[in-house]
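This report concerns only the one structure given below.
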Amino acid sequence: MIKKLWWHDKIAYQVWPKSFCDSNGDGIGDLEGIISKLDYLKLLGIDIIWLSPVYKSPWIDEGYDISDYYAIDPRFGTMDQFCLLLAEAERRGMYIVMDLVVNHCSNQHEWFRKALADPDGPYADYFYFRKGKRPGALPSNYRSYFGGSAWEPVPGTDRFYLHFFAKEQPDLNWENPELRAEIYKMINWWLDKGVAGFRIDAIVNIKKDIDFPDYPADGPDGLVRCTTMVEHAEGLGNLLSDLRDHTFKSHHAFTVGEVFTVPRGRISEFIGDNGYFSTMFDFSAHTLSENGKHGWYDRKPVFFADWRRAVSDSQLCTQDFGFMANIIENHDEPRGASSWLPEWAGNVSGIQMLAVQSLLLRGIPFIFQGQELGMKNCSRCCIGKYDDICTKNEYEKALRAGVREKEALAVCFRYSRDNCRTPMPWNSAENAGFTSGKPWMALNPSYLNVNVADENRDPDSVLNFYRKLIALRKNPAYSEVLTWGKFHPVYKENEGIFAYYRYTEPKNILIICNFGMERKNLFLPDGRWKILLANNAVRNTGAVASYIDGRNFDLPSCGAVVMEKVN
């Protein structure tokens, strides 16, 4: 039996602060803007708000390059405003979770400045300063996440420093106990201030093989992805246990790890009663669409059967010991409505169906801003209109491989991280109600129809369906089964059907979603079934009564229905 904790029955929502709501007209979202929308989030049913980075930063990588862990970036506001956000959230029974980025910092951080000033001094050991294996050579053949070598010259020396991400983001040396003590001090400072926990960025990367061995190249550049070394490094658990025991544990903090590469048999080390984290994101489906052999341009499509199997297997693998964090999209992914729905299902009913499939799984639902409106990917006319450093690198990579410009832009449309980072559309007025100034990034043109104000007024909108769906999950009559109930997949032989039970004694809930193009005739188990929730596709048929006796049941394309067995 898993020990019940305060966060198990909560709904989380990711805010991308730069694009959420601008209160002062400078075109950049800010803390005051977030405070002004807390009632909106409360009405949606949100309990936990995860803020992407608001720390002081040069913004080379959208705030994931932190120059001062103790300061709020002036673009977002002040520490007083942050404390007001904490207080206003608490007043509404909500919790604030911050992004914790400690695999690397900014090259503008005081630690790195001191390291460059004295490459033989103590701060150099806060990072990985290494000589090449021979004159004129790099320390190893690792490729950074953003392309090119993961090693950058230390000016004025014969050494290099390691950066898994941009060259402005030097990796921190977690083998150094003095560095770890500094990080723990900072984490506890935020927890003492009232932060409820952290989403922990790229955390498995903190463990390196400090010999930095070469590996066989996996591309024409002669380099190998940096994660290859991480996958071979030993001792990650010792670092994560130390982190947990010196910070999160005594504060009863909620922590969610960004973890991609853990084998199924080891997930119980990461989550559960004795795990390193409270939960971790379920990327089982997202890893199906990882880069092709060379980049975005040769990614393979994800087929429904593989997606269904990946999600179901993850549910079955973890339900006896822990809770996963379930996502449709986040700031590093394209919009889920453009990724997980077939072409025929890219409508309001299909987006509602996707919400049912995801939000009623076992685990902690995470919603990314705008997901609750049914936002989709945003096409750009040229690469100059993109902001994301990763998108620009992938575009250039595609061109070098001989992909035509038009096709390279189409790849960016499908996979760019900017798809989720466009400003939040609050209404259909100028600049979508996001700002009175010029938005830092061009809006998604869909804001004229897909926005909070218009969907508020439409009882059949995606937004109002999300509210109903979250209310059902939180309904005292069903919260126990929809939080703690087991997951059991059914109708697996039916192509296009994603269906599962959530059950406890005596509750039995059946969720059925038809991702197929055609209507499906399904045989319900004997007994009487009560309809708890159905989406537009089902209700528009006029065929659903309040109760269904065990019999054949027709489910239209894009139909989603939630039923309770009542006898």
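Just so you know, these numbers come straight off a predicted model, no measurement behind them.
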Q) What is the distance from atom NZ of Lys18 to atom CD of Glu62, rounded to the nearest 0.5 Å? A) 3.5 Å
Q) At what distance, to the nearest 0.5 angstrom, does CZ of Phe323 lie from CG of Leu361? A) 12.0 Å
Check [Y] with [X], please: is the shortest side-chain N to carboxylate O separation under 4.0 Å?
{"X": "Asp73", "Y": "Lys56", "value": "no"}
{"X": "Glu88", "Y": "Lys42", "value": "no"}
{"X": "Arg92", "Y": "Asp39", "value": "yes"}
{"X": "Asp306", "Y": "Arg308", "value": "no"}
{"X": "Arg539", "Y": "Asp460", "value": "yes"}

Q: Could you check His331 against Tyr64 for side chain to side chain donor-acceptor pair (under 3.5 Å), going step by step and ending with a plain yes or no?
A: CA-CA 12 Å; His331 67 286; Tyr64 284 90; 3.1 Å; yes
Q | Qualifying residues under ring-ring contact (aromatic ring centres under 6.0 Å, His included), relative to Phe82, sequence neighbours excluded | A |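 With sequence neighbours excluded, Phe82 shows a ring-ring contact (aromatic ring centres under 6.0 Å, His included) to Trp190, given in chain and number order.
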Q: Classify the ring geometry between Tyr501 and His488 as parallel (under 30°), tilted (30 to 60°) or perpendicular (over 60°).
A: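 Rings of Tyr501 and His488: parallel, under 30°.
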(Q) Ignoring hydrogens, what is the shortest heavy-atom contact between Met424 and Phe434? Give both atom names and the distance. (A)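 Met424 and Phe434 have their closest heavy atoms at O-CB, 3.7 Å.
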Q. Is the NZ or CZ atom of Arg225 positioned over Tyr142's six-membered ring, under 6.0 angstrom from the centre and within 45° of the axis?
A.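 That pair does not qualify as a cation-pi contact.
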Tell me which donor-acceptor pairs under 3.5 Å the side chains of residues 399-414 have, and how far apart each pair is, sequence neighbours excluded?
from: Arg404; atom 1: NH2; to: Glu407; atom 2: OE2; distance (Å): 2.9

